[in-house]
Amino acid sequence: MKNRIQLLSLAVFLTTLCACDTQKKKVTPPAPVGPVPSEAQVAWQEMELNAFIHFTTNTFTGKEWGYGDESPAIFNPSETDVDQWVTTLKEAGFKGVILTAKHHDGFCLWPSKYTEHSIENSPYKDGKGDIVREVSEACKRHGLKFGVYLSPWDRNRADYGKASYIEYYRNQLEEIFTTYGPVFEMWFDGANGGDGYYGGAKETRNIDRKTYYDWPATLDMVRELQPEPRVIFFSDAGPDIRWVGNEEGLAGETNWNTISNDTLYAGKAGISELLATGSEDGNEWIPAEVDVSIRPGWFYHKEEDTKVKSAEELFDIYLTSVGRGSNLLLNIPPDKRGLIHEKDVAALKAWRKLIDDTFRTNLAAKAPATASAYRGKSPDYAATNVTDEDKNTYWTTDDGTTTAFVEIDLGEEQQVSYILLQEYIPLGQRVKSFTVEARQGDNWEKITEATTIGYKRILKTGTVSTDRIRVNITGAKACPLISNIEVY
Ligand code: FUL
């Protein structure tokens with residue numbers, strides 16, 4: 001009996017010892033570096049692909065910017081089928097839809113009680129139609145998020161430029177948020193002021209873009225109307241996401257999510273370049289959104305039916321937007337019938353197929369991985385975290401180690417054409433430069449290199465045959481946190 005008790009105490013002692021040892025091994029995670037994203041921003045970045053829908057009287061006049069004097073009587077999309085829009089977009093892989101509830105011409109796609117210049121005075125459904133409601137409901141039906149573009153510039157309103165217009169604009173925001181929400185993204189367009197109809201005045205009106213709209217008060221109002229889910233505000237300068245500075249589908253090759261808001265004002269020299277690249281030492285997290293149209297114009301024009309971007313062009317845009325750590329907001333404008341045109345549908349289908357075919361088999365999924373160093377030699381931060389297909393785990397190094405490499409064993413010789421990398425952004429964007437090498441016999445050959453990674457980076461490597469891939473982090477703001485590497 002005595003022996004048994006002695007044995008038991010020994011076992012308890014040993015277990016305690018082991019527990020202490022494991023506790024000692026618990027390595028602290030890295031501290032955040034620089035500005036970090038809010039949860040809502042991370043969720044938005046994970047959407048990657050959203051669709052823009054430009055639709056108004058311009059669709060019927062052939063204009064891009066309506067003057068504001070268009071009669072609502074011309075708005076008559078007699079075959080409108082918003083389910084066709086939303087299912088087409090869903091099948092193409094979009095996660096959200098942003099609709100121009102009102103463009104610069106001031107015509108409202110919902111029966112706003114604050115103006116006569118709306119769908120209520122159009123022949124569409126005998127004035128009983130409401131495209132904002134239809135699209136928001138179709139999005140709910142098909143599981144896409146619904147977003148709104150409401151042009152601050154209004155070329156129809158007599159009081160544009162006066163204080164009362166701001167009240168009008170806020171009333172409309174309130175109408176939209178209380179009737180059609182939740183809204184995932186609110187788009188505040190940067191085009192503001194200029195010539196217009198303005199209730200018959202037909203003149204040029206310029207506003208002070210910094211003060212006229214009193215944006216902070218408007219944003220507070222909207223946040224109060226919809227505290228949850230937290231709406232993402234887009235404008236040239238944020239606060240949640242920024243314009244990328246061009247409408248060609250190009251994020252910067254170097255693309256920081258960080259930027260200093262006070263450096264962002266229209267007209268500043270080099271502003272487009274700054275918007276595309278962000279700044280390494282920026283004091284806020286404001287990722288770039290890449291907005292571009294599938295056609296030359298934002299609105300449907302018959303003569304552009306032959307100019308719909310091809311699947312290959314759209315694929316290139318995917319690589320220069322999502323592949324550079326930004327979200328893509330691709331505009332697909334319904335035609336006069338109220339349908340997404342057959343040409344656009346075909347291009348989207350072929351584009352989706354190209355993406356699916358290219359990124360079908362991740363050669364690195366669950367592959368063994370090793371690293372030149374990993375944080376505190378703890379399995380929590382080991383190299384295999386980059387191939388475990390779990391976005392919440394990452395490979396990282398000790399504090400102060402800003403250069404290191406991770407090596408992925410593909411098991412056998414494989415044809416490699418693309419590499420996809422992701423940083424664990426909740427703790428800040430860090431990587432400044434990296435190279436990718438492929439093992440060729442006894443040598444390592446550089447197959448591509450780049451600067452930033454951010455939420456996602458996809459690089460073409462040029463087809464190469466190899467059994468091992470090495471990613472060298474050659475510069476970082478602090479220890480790099482890589483959550484995912486995929487090889488295709
Ligand atoms: C611009 C507008 O002027 C265009 O018409 C379009 O809406 C585009 C998305 O933003 O600033």
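Order of listing sets the numbers, starting from 1, for every ligand and every atom in it. Values below: every heavy atom of this structure, side chains too, minus hydrogens, waters and symmetry copies.
- The aromatic ring centres of Phe188 and Phe234 sit 6.0 Å or more apart.
- Within 4.0 Å of ligand 1, counting heavy atoms only, the contacting residues are Phe52, His54, Trp65, His103, His104, Tyr149, Trp187, Asp189, Ala191, Glu247, Asp291, Trp298.
- A search for side chain to side chain contact (heavy atoms under 4.5 Å, CB included) contacts involving Glu273 returns Thr277, not counting sequence neighbours.
- For the pair Lys477 and Trp256, the cation-pi criterion (under 6.0 Å, within 45° of the ring axis) is fulfilled.
- Partners of Thr463 by side-chain hydrogen bond (donor to acceptor under 3.5 Å, both in side chains), not counting sequence neighbours, listed by chain and number: Ser417.
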Listed pairs under 3.5 Å, donor-acceptor, residues 144-153 side chains, sequence neighbours left out:
unit_1 : atom_1 : unit_2 : atom_2 : d
Tyr149 : OH     : His103 : NE2    : 3.2
Tyr149 : OH     : Asp189 : OD2    : 2.6
Ser151 : OG     : His104 : ND1    : 2.8
Ser151 : OG     : Trp153 : N      : 3.3
Ser151 : OG     : Trp153 : O      : 2.6
Trp153 : NE1    : Tyr198 : OH     : 2.9

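- Rounding to the nearest 0.5 Å gives a distance of 7.0 Å between CD of Glu175 and OH of Tyr180.
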